[in-house]
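Residue indices begin at 1 and follow the sequence shown. Note that ligands are numbered from 1 as they come in the structure, with each ligand's atoms numbered from 1 the same way.
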Amino acid sequence: MKPQRPTLVIHGGAGEWRLERREKGIAGVNRAAKLGFNILKGGGNALDAVESAVMSMEDNEVFNAGIGSSLTFTRSVEMEASIMDGKTLSAGAVGLIADVKNPVHLARIVMENTDHVFIVGRGAAKLAAAFNLKRQDPHTDLREKYWRELKEKIERSELSYLQKLSKLLRTNQNLLSLDTVGGIAVDKKGNVAAATSTGGLSLKIPGRIGDSPLIGCGNYADNEAGACSATGIGEIAIRLVLAKSACDQMRRGHTPQEAAANSIKEVNRRIKNTANQMGLIAIDPRGRIGAAHNSPHMCWAYMTPTTSSPKTFFKAETLKRPPSS
Ligand code: GLY
């Protein structure tokens, strides 16, 4: 694909996309990509575009973010999100969010209206109230159903508690919700931005923070390199500081596709267990894009000035995971 500006790439999450959700997933990334790209086309900036695209996916029950967030072990919802401006390296992130409608918007408020980067729990809720952000109960029937199915599986395996993620995944992998959402963009001026939002891992222990709100792990943007958003098992992206590492590859001259694929290869090489499903999207300031994953699927889309509508997919470059050791 010829590099073009502006360009937007989004993902609706890596993992096992069940048939029952696929059509809605594609429709959802299609809608979100159009919304974000229209901002860019009208001369808007990359930051507004990624925020708008991610908010659209947070408002869509099919994705594991916002209203569609997966449930913790105790059936609560703990959402998290981050946003980063590649021009200034400003960033904002939130975690342990129970009922804010658009966590990524709250992350932007942290970035633009506080002296901090990452605010969680009660403090984040107070900030949301101070800015009159919309609230909603994010529990949905779909996530309740998934929670019950997974819980029953765990009980049948006589696991009395979630001891180790890998142990759980060995028997329940296709039930876990890995489908974080994210958006990366370059605007007409060459500024890049990234935003990522999630309900986190299904049945996570309350209080667990994943990669999505951790700058450099699930999300990163730097005009001197590019922008990346990760999806999958957050613990893996944290241990490999995945998004920043991929951006650093672009800084060293790799294309976004090489950076995304090399990063997923590194996941496969270094983290040899069954709990290593990851996906990554990447963009550079010229408007070149990349996408790769080692999960069965990754729902994603992109849009450029020469695509009359978003290009949508369930797979990108798929790097097969080695057998677990
Ligand atoms: N990538 C989302 C999470 O692990 O929380």
Looking at Thr180, which atoms of ligand 1 are within less than 4.0 Å of one of its heavy atoms? 1 (N), 2 (C)
Taking only heavy atoms of Gly232, which atoms of ligand 1 are found under 4.0 Å from at least one of them? 1 (N), 2 (C), 3 (C), 4 (O)
Please could you name the atoms of ligand 1 that Ser212 approaches to less than 4.0 Å, counting only its heavy atoms? 1 (N), 2 (C)
Would you say Arg31 has more than 12 foreign heavy atoms packed within less than 6.0 Å of its CZ? no
The side chain to side chain contact (heavy atoms under 4.5 Å, CB included) partner of Asp48 among Leu40, Ile39, Asp187 is Ile39
Linking I/L/V/M/F/W/Y whenever their side-chain heavy atoms sit closer than 4.5 Å, directly or via other members, would Val50 and Met55 fall into one cluster? yes
If every non-hydrogen atom of Gly12 is compared with every non-hydrogen atom of Met57, which pair is closest and at what distance? CA-SD, 4.2 Å
Please indicate whether any nitrogen or oxygen in Asp211 is less than 3.5 Å from any nitrogen or oxygen in ligand 1. yes
Could you say whether the N/O atoms of Gly234 and ligand 1 ever approach to under 3.5 Å? yes
Applying the 4.5 Å side-chain criterion to the ILVMFWY set and letting contacts propagate, would Tyr302 and Val186 be lumped into a single cluster? yes
Test of understanding: given a 4.0 Å heavy-atom threshold, classify the contact between Arg208 and ligand 1 as side chain, backbone, both, or neither. side chain
